[in-house]
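Worksheet for the structure shown next.
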2 protein chains.
Amino acid sequence: MDDQAIPLDAETKAVEMPEDHREELRLWLRLLTCTTLIEGEVRGRLRERFDVTLPRFDLMAQLDKAPDGMTLSDLSKRMMVSNGNLTGLVDRLVASGHIVRTASPTDRRATVISLTESGRGEFCAMAAEHELWIADLFGGLTEKDRGDLMRLLGKTKLSARRAIQGEGQ
Amino acid sequence: MDDQAIPLDAETKAVEMPEDHREELRLWLRLLTCTTLIEGEVRGRLRERFDVTLPRFDLMAQLDKAPDGMTLSDLSKRMMVSNGNLTGLVDRLVASGHIVRTASPTDRRATVISLTESGRGEFCAMAAEHELWIADLFGGLTEKDRGDLMRLLGKTKLSARRAIQGEGQ
DNA sequence: AGAAATTATTTTAAGCTTAAAACAAATCTG
DNA sequence: CAGATTTGTTTTAAGCTTAAAATAATTTCT
């Protein structure tokens, strides 16, 4: 309980006793900015070029990776959105003929969602252009940059998951 | 129009003629996952701990950095959301007493928004905890990781801005 | 100064999103 | 096997978000 020296940082300014985390905050804000920027651009291009919304595109992208369809629960986990959200989104995509609901043969609670043939066709056309847009948006990064960023984001994902998972303990 | 050799990659598999950009796509999806994961957690904690929504918090965070207030246009640029979106958000924050609208002395079109005293007080309390949550979520990264990630995201931001800016040419 | 273009904000219509509650079917457990 | 819990989905209420059109004030350009 003796007097304690006020810690000084490299620039010899007194720092707050409970260490501040402005650096992490800036990192988070920058991450958010990147995502918002790219997402907004992709949203706009999807609308202008294909008259489709981003959520619709995202949903179809998940289904495209699952030839045998997926349940709503699986979809909601994959897309990281709430269950209730999907109900409406699926309704609209069924109405526009892009996807179909099928009763699950094994579980009478569940419905399996899958792309219709025309839905898959439309999605593939959009996905091909979408991939070019993304490549363009990330075009300022070198191959090494992209590898490094991929690795660091992987680490970030793990870090966040651990922090989220561990909170209930 | 002679026959053309199909290029082979390092693992000796045929690759698509128009080069594919799946790597950039994976990078984008991972970036999006990180943001969605962290954003969802922060949203939930703000609600549980302070009964406040993330957009409200974000708006107050911007105002906190502008002691003399900001116009709606400035706010919408900073927050990267549409103008129309802010109208409603501001209405609700005015109704709850967190912010006030003041007529701009120089421009009769504009309104200046600023935090009320109690709004600033409430925000500061939330911001202090929020900063700890963020530090916790990024806790799995070393100081070097954070520096590297910061730099790479800076480069990503520039890359995206350039791609967006340059599209109209 | 007056017309034209720009800027600041609001309104509108549609769709997205969430949390919480409700419901139904499947699984677990004593 | 019956009651309790979990799981899959929908509903509800509230708020968020966008794009596009409308309105109003300022600035620009003859």
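The chains referred to below are lettered A, B, ... by the order of the sequence lines, with proteins before strands, and numbering in each begins at 1. No hydrogens, no waters, no symmetry mates; every other heavy atom, side chains included, goes into these values.
- Closest to the side chain of T87(A), from the set dC16(C), dG8(D), dT11(D), is dT11(D).
- Across the interface with DNA chain D, nearest-nucleotide mapping of D107(A) and S82(B) shows D107(A) to be the residue nearer the 5′ end.
- Criterion: ILVMFWY side-chain heavy atoms under 4.5 Å apart, direct or through other members. Under it, L152(A) and L29(B) are part of a common hydrophobic cluster.
- One interatomic measurement links the two molecules: CD of E39(A) to P of dA19(D), which rounds to 12 Å at whole-angstrom precision.
- Note that the CG atom of L27(B) and the CZ atom of R146(A) stand 8.0 Å from one another [nearest 0.5 Å].
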**Message:** Checking R78(B) against D74(B) for the salt bridge (Lys or Arg N to Asp or Glu O under 4.0 Å) test, could you report, in this order, the C-alpha distance in whole Å, the side-chain angles of both residues, the deciding distance, and whether it holds?
**Reply:** CA-CA 6 Å; R78(B) 290 298 198 111; D74(B) 290 342; over 6 Å; no

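- Rounding to whole angstrom units, CZ of residue R45(B) and P of dT18(C) are separated by 18 Å.
- Backbone-only contact: L89(A) has heavy atoms under 4.0 Å from sugar-phosphate atoms and none from a base.
- When each of dA19(D), dT6(C), dC16(D) is scored by its nearest atom to the side-chain atoms of R109(B), the top-ranked nucleotide is dT6(C).
- Of the candidates dT18(C), dT9(D), dC16(C), dT9(D) carries the atom nearest the T111(A) side chain, counting heavy atoms from C-beta on.
- Close to dG8(D), at under 4.0 Å from its OP1 or OP2, lies no side-chain N or O of R101(A).
- As rounded to whole Å, 19 Å separates atom P of dT17(D) from atom CG of L46(A).
- Of the side-chain N and O atoms in N85(A), one or more sit less than 4.0 angstrom from OP1 or OP2 of dT18(C).
- Exactly one of V100(A), I99(A), L63(A), D68(A) qualifies for a side-chain contact (heavy atoms from CB on, under 4.5 Å) with S114(A). That residue is V100(A).
- Taking 4.0 angstrom as the limit, N83(A) places none of its side-chain polar atoms (N or O) nearer than this to OP1 or OP2 of dG8(D).
- The two residues S76(B) and L86(B) make their nearest non-hydrogen contact at N-CD1, 3.4 Å.
- Distances shown here put every side-chain N or O of R47(B) at or beyond 4.0 Å from the OP1 or OP2 atom of dT18(C).
- Atoms CZ (R56(B)) and C1' (dA14(D)) sit 10 Å apart, rounded to a whole Å.
- Taking atom CG of residue D91(B) and atom C1' of nucleotide dT11(C), one finds them 11 Å apart after rounding to whole Å.
- Distance, L86(B) CG to dA19(D) P: 13 Å, rounded to whole Å.
- Contact check, T53(A) against dT18(D): no side-chain N or O comes under 4.0 Å of OP1 or OP2.
- Side-chain N/O atoms of R108(B) include one lying less than 4.0 angstrom from OP1 or OP2 on dT26(D).
- The nearest whole Å value for the distance from the CG atom in L72(B) to the C1' atom in dA25(D) is 15 Å.
- The separation between M79(A) atom CE and dC16(C) atom C1' is 11 Å, rounded to whole Å.
- Across all strands shown, T71(A) has heavy atoms under 4.0 Å from sugar-phosphate atoms exclusively, and none from any base.
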